[in-house]
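Everything on this sheet refers to the single structure shown next.
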Amino acid sequence: MGHESCISLLYQCRNLFHIRQVHAHTVVNGTFHDLVVANKLLYTYALHRAMDDAHYLFDGMTMRDPTSCSIMVGGFAKLGDYASCYAMFREVLRRGVAPDNYTLPAVTRTCRDRKDVRMGRVIHDVGLKHGLLLDHFVCASLVDMYAKCLVVEDAQMLFDRMLSKDLVTWTVMIGAYADCNAYESLIFFDRMMEEGVVPDKIAMVTVVNACAKLGAMHRARFVSEYISRKGFSLDVILGTAMIDMYAKCGSVECARDVFDRMKEKNVISWSAMIAAYGYHGRGKEALDLFHMMLSCGILPNRVTFVSLLYACSHAGLIEEGLRFFDVMWEEHAVRPDVKHYTCMVDLLGRAGRLDEALKMIETMTVEKDERLWSALLGACRIHKDMKLAEKAASSLLELQPQNAGHYVLLSNIFAKAGKWEKVAKFRDMMTQRKLKKVPGWTWIEVDNKTYQFSVGDRTHPQSKEIYEMLMSVIKKLELAGYVPDTDFVLHDVEEEVKQQMLYTHSEKLAIAFGLIAIPEEDPIRISKNLRVCGDCHTFSKMVSAIMRRSIIVRDANRFHHFSEGTCSCGDYW
DNA sequence: CGAGTCAGTG
């Protein structure tokens, strides 16, 4: 049996037993000492995830080349055996075997999976020393590693230096920006198209994801149009991504349309649609869909129940939520985790059943996180329970002392109750800990362009008209009884100045611009990076009534549909 | 003899 026949036998191996048989053969007839044969054996073991066998073989090999090492490193990486992967790589370096353009991507993969940017930089360095950074795959894998570790600047730097940028690497970059700056991500997509790189389905899924993150409806429509024009089939992954995109761009109807058109749906698709109904405040539809899902024989998982309980809580379906919480473990074998408890605290809290919410927190056995305490705090804010709020606050700040948003929320809550000494305390803590309020931004799309506003913004070319419109709207609102709620302004300034700042919150500016620039029959769609402030919420409700406009706001947590003076969130958010 | 990119929650 020569090399060729050994290798062709290895191609035909269907299970571990076969490989071991061929292995034994090669030992008997001596072809085992042929590096090509040995490597193919190694590779076949790795392919069948039999890294123990591979390791045994590797240890017994009299000769090894960089390929043998790459197969080992890559095999452990794919198996998720991080320690062995790193150990093997270190051994390669120690023995003086020069890593090649296949070894580095193999170990970089592990750095990516573990988000181990420190080791990633070591690999980067090794690549530099061995002159491997010019290799396309080495570079591409490092870009991917930096991207997944959220070190976008470094990913970008390497990407810029790549001689040829292929579709996969463009996709990695688009995906990286989707996670940290969705706006930039779509600009990347545009650049890719301009350079004549034709996207495939995976690239489109990534772009769809970026649209979802940005919440930009005109981009969503453009991207869907492109997808259907190019004839991409609506498979589970693309379809699910599109459900999410439309829902997060503010249209549950479009999301549902995609959902209905999908031939194959899995638990992720169903959960995405249930979640969509949830954050749009359409609890009943979420429940209906859940029951339809069960009758289709799809098994709900943890995420499904988070989405479902969240839907109940945002629609005020208290009893239904409590029942689902009970049956999720008893009937569906899904054990409640901290996210489910958070939904329940939110649900009970909304109903004013703060004692039960607290009891649930006290008796739960899973580890508590900051979101759980935030949910309790939110309930305290609505029902003005300052005693419980202090308890929630101390747990919250213990868990996340560096999160500026918590201090702002706490100051707002205590300001609302007139507890000024507490407000001062939280503000002092913020200053002491050198924490800065995250600046609030609001986006609005007009004529396929995105405009961004910050508080008191005057950078918009039509700034003058926007402020005139805002002032005239405020006058109308005041005649109808609108009183600005200055408790939401956390600044040490005179009442009049406070009011001025409140009047120019980014959200109000965006709405004013929407009133000027968006046709009356269309809704005004805006997105925010923070939660809606109480005064802007009141303002939006009144504008929807007095100006007879529908306003759809996506905030950091959920959607608010303002129409005829009411909001879909029922004033609880 | 071997390599990289995609979907749902809080």
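A note on names: the letters A, B, ... follow the listed sequences, proteins ahead of strands, and every chain is numbered from 1. Note that the structure is predicted; figures quoted are calculated from it, not measured.
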Ring centre gap for A:F324 and A:F290 strictly below 6.0 Å = yes
So, for A:H23 and A:Y45, is the gap between ring centers shorter than 6.0 Å?
-> yes
Look at the side chain of A:T169 and the base of B:dG4, then say whether one donor and one acceptor between them are separated by less than 3.5 Å.
-> yes
Value in whole Å for how far the [atom2] atom of [N] lies from [atom1] of [X]:
X      : N     : atom1 : atom2 : result
A:H136 : B:dA3 : NE2   : C1'   : 11 Å
A:I243 : B:dG8 : CD1   : C1'   : 9 Å
A:H314 : B:dT9 : NE2   : C1'   : 11 Å
A:I202 : B:dT5 : CD1   : C1'   : 6 Å
A:R558 : B:dT9 : CZ    : P     : 15 Å
A:L308 : B:dT9 : CG    : C1'   : 12 Å
A:H340 : B:dT9 : NE2   : C1'   : 8 Å
A:W270 : B:dT9 : CH2   : C1'   : 18 Å

May I ask you to check whether over 12 heavy atoms, not counting those of A:E4, lie within 6.0 Å of atom CD?
-> no
Charged tip of A:K40 within 45° of A:Y11 ring normal and under 6.0 Å | yes
Does NZ or CZ of A:R229 fall inside the cone over A:Y226's six-membered ring, less than 6.0 Å from its centre and within 45° of the axis?
-> no
Report which part of the nucleic acid [X] touches: base, sugar-phosphate, or nothing (heavy-atom distance under 4.0 Å, all strands).
X      : result
A:T206 : sugar-phosphate
A:T304 : base
A:D65  : nothing
A:V172 : sugar-phosphate
A:Y310 : sugar-phosphate
A:Y43  : sugar-phosphate
A:A106 : nothing
A:V37  : nothing

Contacts of A:T169 that satisfy side chain to side chain donor-acceptor pair (under 3.5 Å) - sequence neighbours left out = A:D166
Close residues, residues 176-199 of chain A, relative to DNA chain B [heavy-atom separation under 4.0 Å] | none
Side chains of A:S224 and A:Y246: do they bring a donor and an acceptor to under 3.5 Å?
-> yes
Does the side chain of [X] get closer than 4.0 angstrom to OP1 or OP2 of [N] through an N or O atom?
X      : N     : value
A:R109 : B:dA3 : no
A:K248 : B:dA7 : no
A:R112 : B:dT5 : yes
A:Y45  : B:dG2 : no
A:N209 : B:dC6 : no
A:K213 : B:dG8 : no

Candidate nucleotides B:dA3, B:dT9, B:dA7, ranked by approach to the side chain of A:T240 - the nearest | B:dA7
State whether A:R221 and A:E225 are salt-bridged, where the test is any N-O pair (Lys NZ or Arg NE/NH1/NH2 against Asp/Glu carboxylate O) under 4.0 Å.
-> no
Lys/Arg N to Asp/Glu carboxylate O, A:D179 vs A:K148, below 4.0 Å = no
